[in-house]
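These notes concern the structure reproduced below.
Here the structure is a predicted model, which means the values were calculated and not measured. Proteins get letters first, then strands, A, B, ... in listed order; numbering begins at 1 in each.
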Amino acid sequence: EGFQPLLKNYYNSI
Amino acid sequence: MLELRLVQGSLLKKVLEAIKDLVTDANFDCSATGFSLQAMDSSHVALVSLLLRSEGFEHYRCDRNISMGMNLNNMAKMLKCAGNDDIITLKADDGSDTVTFMFESPTQDKISDFEMKLMDVDSEHLGIPEAEYHAIVRMPSTEFARICKDLSSIGDTVVISVTKEGVKFSTSGDIGTANVVCRQNTTVDKPEDATIVEMNEPVSLTFALRYFNSFTKGTPLSNTVTISLSSELPVVVEYKIAEMGHLRFYLAPKIEE
């Protein structure tokens, strides 16, 4: 079904 | 001192119903701009972003920026005690560890107040830059909810493909496959019934349907939903909150391992 990436792989922590 | 008076209190009730299953605890941030929230689900895969602009409140007093940690299930329990036509006012004193929800019936003959304990919520805030999306689909929110519900009875994931012909939602599971194609349709009596596909380039992405079904709890907030897709970015599912702001959900696409 594919790997579900975490959102922090796309956006930086602030 | 914080005092926010929302004449259309049902909006806040709908917001809580839309997010309480996805997020357990969250910080509500209050500033001159408005009342906002950013929170991720427990697995850090989906994110919810809420903005209710200060101009949308009948009375908006926020002396200093304040962040209030709340358990969303408990907040939803309290807001369920407000009538759909009630005016809701949120109040908090500086340094207080409680927030008060005041509900006024439209005829002012019933006034209730509920005090809820605040909590420390350790949350990670993500910076989400403005982005150009490959495709933006606007469609009736009930139609989108119906498609997500229908497809989740067949499979666990949905492939959303946007071409110049329209948007296709596909799934497959043990019992078979399903495809739903929505073509651009602007010749409708009411603008909210239109399906509008803006495409800069074709895009096809795979998402977990259970998150999409959770996002569709936002349906009562808006007649339309906007789905923004890019191959390198999380999808954005947005419900506009009339004259006040928005409720946005973000979810990263599934990728090959």
query: With chain A, which of Leu251(B), Ile128(B), Leu233(B) has the greatest number of heavy-atom pairs at distances under 4.5 Å?
result: Ile128(B)
- prompt: What are the two closest non-hydrogen atoms of Leu7(A) and Ala46(B), and how far apart are they?
  reply: CD1-C, 3.5 Å
- prompt: Closest approach of Leu126(B) and Ile14(A), non-hydrogen atoms and distance?
  reply: C-CG1, 3.9 Å
query: What do you reckon, is CG of Asp94(B) surrounded by more than 12 foreign heavy atoms closer than 6.0 Å?
result: yes
message: For a quick test of reading the model, state the closest non-hydrogen atom pair linking Tyr11(A) to Pro129(B) and the distance between them.
response: CD2-CD, 3.9 Å
task: Could you tell me whether Asp120(B) atom CG has more than 12 heavy atoms of other residues or ligands within 6.0 Å of it?
output: no
message: Working to the nearest 0.5 angstrom, can you tell me the gap between Phe3(A) CZ and Glu256(B) CD?
response: 12.0 Å
message: Closer than 3.5 angstrom, by distance alone: can the side chain of Gln4(A) be matched with the main-chain N or O of Ala252(B) as a donor-acceptor pair?
response: yes
- request: Could you tell me the separation between the CG atom of Leu6(A) and the CD atom of Glu124(B), rounded to the nearest 0.5 Å?
  value: 9.0 Å
